[in-house]
Amino acid sequence: MLDIDFIRENKEEVKKACKAKQEDVDIDKLLELDEKRRSLKTKVDEMRHDQNKLTKKVEQAEEDEREEIIEEIKPLKKKLQKKEDEWKEVKKKWKDLMLQVPNIPVSKVPEGESEEDNVVIDQWGDKPDFDFEPKDHLEIGRNLNLIDVERAAKVSGSRFAYLKNEAVLLQFALVNLSLAYLLEKDFTPVLPPVMLRPDAMEGLGYLEQGEDDMYFLEKDELFLAGTAEHPLAAMHSGEVLDGEDLPLRYVAFSPSFRREAGSYGKDTRGIFRVHQFNKVEMFSICKPENSTDEHQFFLDLEQQLMQLLGIPYQVVQMCTADLGHPVANKYDIETWMPSYNDYRETHSTSNCTDFQARRLNIQYEEDGEKKLVHTVNGTGFALGRTLIAILENYQKEDGSIEVPSALQDYLEFE
RNA sequence: GGAGAGGUGCGCCGAACGGUAAGGCAACAGAUUGCUAAUCUGUCGUCGCUUAACCGCGACUUGCGGGUUCAAAUCCCGCCCUCUCCGCCA
């Protein structure tokens with residue numbers, strides 16, 4: 001959520017941001033409602049004031065005068081009730097619109113209309129040059145008895161998979177590698193809950209655009225987290241943190257659940273796009289003046305982890321159209337995937353500035369002053385997609401896989 | 001699933017049980033005292049009006065939402081959450 005004072009004073013900028021993000025919000029209507037909301041509030045306050053004065057008089061009045069004053073109050077009460085209802089209605093409409101206003105992209109974000117307009121800003125590594133016909137991850141996975149989507153379909157439906165044998169060991173090796181690396185950088189490891197209450201979920205600012213992509217358990221009224229970012233961000237909601245403790249950096253391991261609504265027929269082969277996958281996720285709560293650096297730091301960490309694996313990738317600056325509702329700036333890392341003959345998204349890191357903090361009410365205190373924090377999130381490893389990248393990039397002609405050296409230490413128990 | 005206890009000013013503890021939210025701790029600012037601390041004073045929730053800003057004025061605030069009443073933390077109804085015990089269970 002944005003600050004209403006900010007919207008009031010920077011109307012054109014906010015409108016521009018909505019347009020750039022392709023989110024249709026009627027800012028004029030919002031400001032009109034805001035105007036109404038405030039004038040009604042003033043009116044209601046005045047009426048309450050008058051009534052309060054009389055009420056106090058009753059208390060102080062002599063017994064025989066009371067009835068008279070009470071009779072005087074009664075008609076005021078009715079009028080007040082009416083005004084209050086009117087005010088509440090406007091307030092509700094106002095709030096609904098407020099929640100629809102997206103975060104404003106930072107100035108460096110290029111304007112764009114679709115993912116076509118994202119900008120590759122960096123590339124690393126040499127694409128493998130196979131002197132045989134490379135297979136895709138599903139074929140490799142089947143041959144080596146690592147991936148079983150047929151039985152998963154039988155048990156759970158499409159877009160699910162069983163991972164087996166070395167695929168499992170590789171997944172845990174990725175967890176351990178990234179965890180070891182990030183603990184060196186002052187991160188606190190967390191295993192978070194992955195079911196969240198609606199009120200926690202609302203604060204994150206994703207429901208506005210993607211409620212359909214979230215699983216919701218009707219019976220228990222709980223959302224399944226689409227990423228550990230959700231429980232990590234909500235963890236400190238309503239708290240006032242000590243400025244000296246910032247940045248608070250967390251690294252979580254958790255499953256992630258996505259309905260993938262609207263992506264029918266897209267990436268249906270293998271485990272590239274599934275309803276449930278495991279992920280190592282980074283999250284930081286920091287001071288406003290540091291969030292840009294923190295965001296860059298997260299991007300650097302993601303690259304360092306990829307370089308440890310030795311798999312080619314490119315860094316992409318998202319354009320305005322590809323920024324999520326709460327996001328002010330976002331980079332993706334796209335990893336080379338031979339079977340697609342293309343780079344595909346494996347990581348993402350976003351700076352949400354104070355947008356989530358305002359809704360979740362996360363503040364910090366410094367020199368007796370309270371301010372909203374900034375939140376930054378980033379992928380450590382999306383385990384499933386990283387597995388794809390490893391299988392496809394490290395495949396050999398005889399059908400076997402060479403394990404990246406950085407992971408070998410974490411497979412020693414084999 | 002069953003039974004009980006509880007939720008009070010951004011924090012913590014805690015009183016008031018129909019008359020309009022005591023007190024304490026913590027925190028912050030200032031003052032003061034010759035000694036890593038004490039004491040005193042002030043600040044210490046949200047919103048609106050006003051203002052360049054401060055100040056000032058008003059409203060709201062006892063988990064949430066209704067109801068009764070001139071007046072609700074207090075009485076009534078519904079809901080939410082937390083904790084404890086029992087049951088079940090990885």
Side-chain angles (χ1 to χ4, degrees), chain A residues 1-10 30-99 191-203 216-223 231 233-246 248 254-255 285 287 354 356-373:
Chain A
M1 188 163 62
L2 291 181
D3 182 4
I4 182 63
D5 291 336
F6 178 86
I7 299 175
R8 214 179 287 140
E9 285 157 26
N10 302 275
L30 173 66
L31 290 174
E32 190 190 312
L33 281 169
D34 184 52
E35 216 32 59
K36 257 194 198 164
R37 174 187 69 101
R38 287 183 297 150
S39 77
L40 278 169
K41 154 98 172 139
T42 304
K43 184 73 194 158
V44 166
D45 280 359
E46 280 168 10
M47 290 169 79
R48 280 175 173 167
H49 178 57
D50 293 343
Q51 197 175 311
N52 285 346
K53 273 200 300 200
L54 286 174
T55 301
K56 275 186 183 151
K57 249 172 103 181
V58 174
E59 190 194 339
Q60 288 155 0
E62 299 295 329
E63 196 64 43
D64 53 341
E65 288 173 341
R66 285 197 174 178
E67 268 314 306
E68 201 180 317
I69 304 169
I70 288 172
E71 285 310 313
E72 203 180 328
I73 293 174
K74 280 180 178 168
L76 291 182
K77 252 186 93 171
K78 271 190 186 159
K79 275 191 198 162
L80 174 60
Q81 184 70 47
K82 228 177 134 186
K83 215 38 148 184
E84 276 181 337
D85 288 346
E86 201 182 325
W87 179 45
K88 277 182 194 169
E89 203 187 314
V90 170
K91 258 204 308 193
K92 189 179 176 309
K93 283 186 190 158
W94 174 82
K95 178 125 195 252
D96 288 346
L97 256 184
M98 274 300 278
L99 292 178
L191 289 177
V194 290
M195 296 163 141
L196 289 86
R197 293 188 184 151
D199 54 339
M201 210 51 230
E202 272 158 25
F216 183 67
L217 307 176
E218 291 276 352
K219 200 168 176 182
D220 301 284
E221 291 199 51
L222 290 167
F223 282 98
M235 180 160 62
H236 288 292
S237 64
E239 295 184 21
V240 180
L241 305 164
D242 189 334
E244 300 206 349
D245 294 337
L246 302 185
L248 273 178
S254 83
I285 294 177
K287 294 182 192 173
D354 63 5
Q356 291 178 326
R358 183 169 293 106
R359 290 173 70 154
L360 291 165
N361 190 22
I362 308 175
Q363 296 168 276
Y364 72 101
E365 185 166 356
E366 195 172 47
D367 303 325
E369 237 190 297
K370 281 164 204 149
K371 287 189 217 155
L372 291 169
V373 300

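Convention: sequence-line order gives letters A, B, ...; per-chain numbering from 1. It should be emphasised that the depicted structure is a prediction, and the values quoted were computed from it without experimental measurement.
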- Task: Kindly write out the residues that satisfy side-chain contact (heavy atoms from CB on, under 4.5 Å) with A:Lys93, not counting sequence neighbours, or none if the list is empty.
- Result: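 Partners of A:Lys93 by the side-chain contact (heavy atoms from CB on, under 4.5 Å) criterion, ordered by chain and then number, come out as A:Leu33, A:Glu89.
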
Can you name the salt bridge (charged side-chain N to carboxylate O under 4.0 Å, His left out) partners of [X], sequence neighbours left out?
{"X": "A:Lys36", "result": "none"}
{"X": "A:Asp5", "result": "A:Arg8"}
{"X": "A:Lys287", "result": "A:Glu366"}
{"X": "A:Lys92", "result": "A:Asp96"}

Could you list all N or O pairs between the protein and nucleotides 51-55 of chain B that sit under 3.5 Å apart?
none

- Minimal non-hydrogen separation, A:Lys77 against A:Gln51, with atom names: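 Closest heavy-atom pair between A:Lys77 and A:Gln51: CG-NE2, 3.4 Å.
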
- Output yes when at least one side-chain N/O atom of A:Asn52 is less than 4.0 Å from OP1 or OP2 of B:A59, else no.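 Checking A:Asn52 against B:A59: at least one side-chain N or O falls below 4.0 Å of OP1 or OP2.
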
- Considering just the side-chain nitrogens and oxygens of A:His49, establish if one lies under 4.0 Å of OP1 or OP2 belonging to B:A59.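 For B:A59, OP1 or OP2 has a side-chain N or O of A:His49 closer than 4.0 Å.
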
- Query: When the P atoms of B:C44 and B:G24 are considered, how many whole Å apart are they?
  - Reply: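 Nearest-Å result for B:C44 against B:G24 at atom P: 16 Å.
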
- Message: For the C1' atoms, the ones on B:U8 and on B:A22, what distance do you get once it is rounded to whole angstrom?
- Response: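 Roughly 12 Å separates the two C1' atoms.
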
- Message: For the backbone of A:Ala233 and the side chain of A:Ser237, can you confirm whether one donor and one acceptor N or O come within less than 3.5 Å of each other?
- Response: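 No, the answer is negative, given that no donor and acceptor are paired below the 3.5 Å cut-off.
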
- Using a strict 4.0 Å threshold on nitrogen-to-oxygen distance, state whether A:Asp34 and A:Arg37 make a salt bridge.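 A:Arg37 and A:Asp34: salt-bridged.
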
- Query: Is any side-chain N of the basic residue among A:Lys57 and A:Glu65 closer than 4.0 Å to the acidic one's carboxylate O?
  - Reply: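 Not counted as a salt bridge, because no side-chain N and carboxylate O are separated by less than 4.0 Å.
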
- Task: Side-chain contact test, heavy atoms from C-beta onward, threshold under 4.5 Å: evaluate it for A:Gln356 versus A:Ile362 and give yes or no.
- Result: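 A:Gln356 vs A:Ile362: side chains apart.
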
- Which residues satisfy the side chain to side chain donor-acceptor pair (under 3.5 Å) test with A:Trp87, sequence neighbours excluded?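 Applying side chain to side chain donor-acceptor pair (under 3.5 Å) to A:Trp87 gives none.
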
- Query: With sequence neighbours left out, what residues match A:Glu221 under side chain to side chain donor-acceptor pair (under 3.5 Å)?
  - Reply: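 Scan of A:Glu221 (side chain to side chain donor-acceptor pair (under 3.5 Å), adjacent residues dropped) gives none.
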
- With heavy atoms under 4.0 Å as the rule, sort A:Asn361 into base, sugar-phosphate or nothing.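 No contact.
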
- Item | Pairwise 5' ranking along RNA chain B for A:Lys56 and A:Ile4, keeping only the more 5' one |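 In this pair, the answer is A:Lys56.
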
- Task: Please list, chain by chain and in numerical order, all residues satisfying ring pair (Phe, Tyr, Trp, His ring centres under 6.0 Å) with A:Phe216, sequence neighbours excluded.
- Result: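 A:Phe216 satisfies ring pair (Phe, Tyr, Trp, His ring centres under 6.0 Å) with A:Phe223 only.
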
- Task: Give the B/S/- string for nucleotides 65-77 of chain B, one per nucleotide from 5' to 3', where a protein heavy atom under 4.0 Å of the base yields B, of only the sugar-phosphate yields S, and otherwise -.
- Result: -S---BS------

Please write out the pairs of protein N or O atoms and N or O atoms of nucleotides 81-84 of chain B separated by less than 3.5 Å, giving the distance to one decimal.
residue	atom	partner	partner atom	Å
B:C81	O3'	A:Arg197	NH2	2.4
B:U82	OP1	A:Arg197	NH2	2.9

- For the pair made of NZ in A:Lys43 and C1' in B:C47, what is the distance, rounded to whole Å?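 It works out to 18 Å between those atoms.
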
- Using atom CZ of A:Arg358 as one end and atom P of B:C47 as the other, report the distance to the nearest whole Å.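 So the two atoms are 11 Å apart, to the nearest Å.
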
- Counting only non-hydrogen atoms, which of residues 30-38 of chain A are less than 4.0 Å from RNA chain B?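 By residue number: A:Arg37, A:Arg38.
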
